[in-house]
Q: 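Attaching a single structure in structure tokens format; questions to follow.
Chain A is the first sequence line, chain B the second, and so forth, proteins listed ahead of strands; every chain is numbered from 1. Nothing here was measured: the structure is a model prediction, and the numbers come from that model.
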Number of protein chains: 2
Amino acid sequence: MAKTPIKAVRPDQAEPVPGDRRRNREVKREAVLAAAVSAFNEKGFRAASLDDVAARLGVTKPTIYHYARNKDEILFDCVKRGLEIILEAIAALPQDKRLGRDRLEAAMTGYAFAMTQDFCRCVTRTADTDLAEPSRKEFRKLKRHIDDVMRGLVQAGMDDGSLRAGDARIVTFTLTGALNWIGRWYEPTGQLSRDAVTSGVVATLMAGLSSGV
Amino acid sequence: MAKTPIKAVRPDQAEPVPGDRRRNREVKREAVLAAAVSAFNEKGFRAASLDDVAARLGVTKPTIYHYARNKDEILFDCVKRGLEIILEAIAALPQDKRLGRDRLEAAMTGYAFAMTQDFCRCVTRTADTDLAEPSRKEFRKLKRHIDDVMRGLVQAGMDDGSLRAGDARIVTFTLTGALNWIGRWYEPTGQLSRDAVTSGVVATLMAGLSSGV
DNA sequence: ACGTTTCTATACTCGTGAGTAAGTTTAGAG
DNA sequence: CTCTAAACTTACTCACGAGTATAGAAACGT
């Protein structure tokens, strides 16, 4: 007997309209990714088995293969989703007219906030080596693109004088490092709120540690 | 036939004094750790097999078990070594008499420099979940201790007014994040020197991104 | 109602890598 | 020149987890 089919988890549209099978499938695939990203973040990609993921859904492993080709594809889709969230948060800034400093601050705020979410946390916890070759290259490419956007903002701010002069590469690595690291230590269940973390980190990076005395 | 025993790699004392077997053993164990940390950094702990490590030494897997209990112990010894390097670099600062800001800057400089070295890079690349239970707890404890020392310096600086006021926890995570991340992007073979990276990152964190204009 | 497709389960295969058993060579002690 | 312990080897075992073959149940189109 079929025990518990994947519950189409979506608070907003709890009643899976019986007219559309296509839609239902995507909702379920979504549920697979959500379960996977949570398992990966908790146990690490390699340590989390697909049996684990299936168990979280109240389902058996082969069912997962109905929604994804293999484990590699699942991880890739997770990190891709995370990278897209980050990219969305910063994509508009390069075209903005404000000072480089203000644009960078806006970008960092969006970036930092994004890092408190599951898919983005998965990005920082995932090493290139976890992915197999076709996806690994794409993963690198997407990360690289985000770094390039950030570096562009840094450079623009240095050019218009609103940011301290310096080696744009190193400065960018410094700030993306601090931002990415959020995904490693932030716990949604902890006592620090998303907003407190976001504004705290951004303020520290913008103003620096020294009081200037 | 015994092919190639572990070469006692140690430029400084290439001639393994034939009088002391004990010493030789430690030199070789050292070689095992060096090969392991390099394999782990390159392929990731889980993906790097002990056969890989053995191959790098021109030796077979069982030989490794002559120098270590198991894979877990090897990883733990690697990260422990890394954490000790970091700790040594910052341990003296809390007892120092200078302003908090200057002590923190000194600590960050040592920390950043440490992060360009193999054992420390292994620390940032290793997730708690890679270790089995006895070592995992110890690993967390050691990391925690380093964080505490850093936070203490931050707090001291805030107290004496040499550092900007703020939430010491968040500020500390921000800076250790940027420092730890060095271990993820820095490549010894790249064009950036250790010193350039160290001073660049520290300067950025101390002064902040904004030019203040 | 009926055949077809979708969804899910049970019950495998198969590769890989950690760890071991047992025997062989090497090197130092007497 | 032995004899013994240390250092390595070859040749396994064994568990675990990715992925598959096959079949049964549910849902949809007509």
Side-chain angles (χ1 to χ4, degrees), chain A residues 1-9 15-32 35-36 39-40 43-76 129-132 135, chain B residues 1-9 15-32 35-36 39-40 43-76 129-132 135:
Chain A
M1 78 196 127
K3 292 176 193 152
T4 320
I6 298 185
K7 328 126 202 172
V9 259
E15 279 308 312
V17 188
D20 199 348
R21 219 170 191 174
R22 192 73 151 292
R23 176 169 205 102
N24 234 288
R25 183 182 170 81
E26 312 227 314
V27 172
K28 290 187 183 178
R29 192 193 151 92
E30 210 64 28
V32 169
F40 295 164
K43 306 183 141 196
F45 172 68
R46 236 95 184 186
S49 72
L50 288 188
D51 285 308
D52 283 339
V53 176
R56 282 166 195 249
L57 294 164
V59 150
T60 57
K61 187 168 56 173
T63 300
I64 290 183
Y65 283 87
H66 205 262
Y67 296 96
R69 243 192 201 76
N70 52 39
K71 201 184 179 190
D72 185 79
E73 184 185 278
I74 295 177
L75 176 60
F76 181 68
T129 52
D130 286 335
L131 289 162
S135 359
Chain B
M1 79 197 126
K3 291 176 192 153
T4 320
I6 298 186
K7 328 126 201 168
V9 259
E15 280 308 313
V17 189
D20 200 350
R21 220 171 191 174
R22 192 74 152 292
R23 176 169 205 103
N24 233 286
R25 183 182 170 81
E26 313 229 313
V27 173
K28 291 189 182 177
R29 193 194 149 93
E30 210 63 30
V32 169
F40 295 164
K43 306 184 143 196
F45 172 68
R46 237 93 187 186
S49 71
L50 288 186
D51 284 308
D52 282 339
V53 176
R56 283 167 194 249
L57 293 165
V59 150
T60 57
K61 186 169 56 173
T63 300
I64 290 183
Y65 283 87
H66 206 261
Y67 295 96
R69 242 189 201 77
N70 51 39
K71 203 185 177 190
D72 186 79
E73 184 184 279
I74 295 177
L75 176 60
F76 180 68
T129 53
D130 286 335
L131 288 161
S135 358

Q: Using whole Å, what does the distance between atom P of nucleotide D:dC16 and atom CG of A:Asp52 come to?
A: 12 Å
Q: Within the 4.5 Å heavy-atom criterion, are B:Phe45 and B:Leu131 side-chain neighbours or not?
A: no
Q: Give the rounded distance in Å between these two atoms: NE2 of B:His66 and P of D:dA6.
A: 7 Å
Q: In whole angstrom, what separates B:Glu73's CD from C:dG19's C1'?
A: 14 Å
Q: Partners of A:Phe76 by ring pair (Phe, Tyr, Trp, His ring centres under 6.0 Å), sequence neighbours excluded?
A: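 Applying ring pair (Phe, Tyr, Trp, His ring centres under 6.0 Å) to A:Phe76 gives none.
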Q: Can you list everything that forms a side chain to side chain contact (heavy atoms under 4.5 Å, CB included) with B:Ala55? Sequence neighbours excluded, please.
A: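 Side chain to side chain contact (heavy atoms under 4.5 Å, CB included) check on B:Ala55 returns nothing, list empty.
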Q: In whole angstroms, how far is the P atom of C:dT16 from the NZ atom of B:Lys43?
A: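 Atom-to-atom, B:Lys43 to C:dT16, this comes out as 12 Å.
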Q: Provide, to the nearest angstrom, the distance between the CG atom belonging to B:Asn24 and the C1' atom belonging to D:dA6.
A: 11 Å
Q: With sequence neighbours excluded, give me every salt bridge (Lys or Arg N to Asp or Glu O under 4.0 Å) pair touching residues 57-66 of chain B.
A: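 Checked against salt bridge (Lys or Arg N to Asp or Glu O under 4.0 Å) - neighbours excluded - the pairs reaching residues 57-66 of chain B are B:Asp51-B:Lys61.
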Q: Could you tell me the separation between the CZ atom of B:Arg25 and the C1' atom of D:dC8, rounded to a whole number of Å?
A: 13 Å
Q: Can you check the B:Ile74 CD1 to C:dA18 C1' distance for me, whole Å?
A: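 Taking atom C1' of C:dA18 as the reference, CD1 of B:Ile74 is at 11 Å.
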Q: Residues in salt bridge (charged side-chain N to carboxylate O under 4.0 Å, His left out) with B:Asp130, at least two apart?
A: B:Arg46
Q: Take nucleotides 17-23 of chain D nucleotide by nucleotide from the 5' end and write B, S or -, depending on whether a protein heavy atom sits under 4.0 Å from the base, only from the sugar-phosphate, or from neither.
A: SBBB---
Q: Grab the CD1-C1' distance between B:Ile64 and D:dA7 for me, whole Å please.
A: 14 Å
Q: So if I take every side-chain heavy atom of A:Thr60 and compare against C:dA9, C:dT8, D:dT9, which nucleotide ends up nearest?
A: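 Per side-chain heavy atoms of A:Thr60, the pick is C:dA9.
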Q: With sequence neighbours left out, what residues match A:Ser135 under side chain to side chain donor-acceptor pair (under 3.5 Å)?
A: A:Asp72
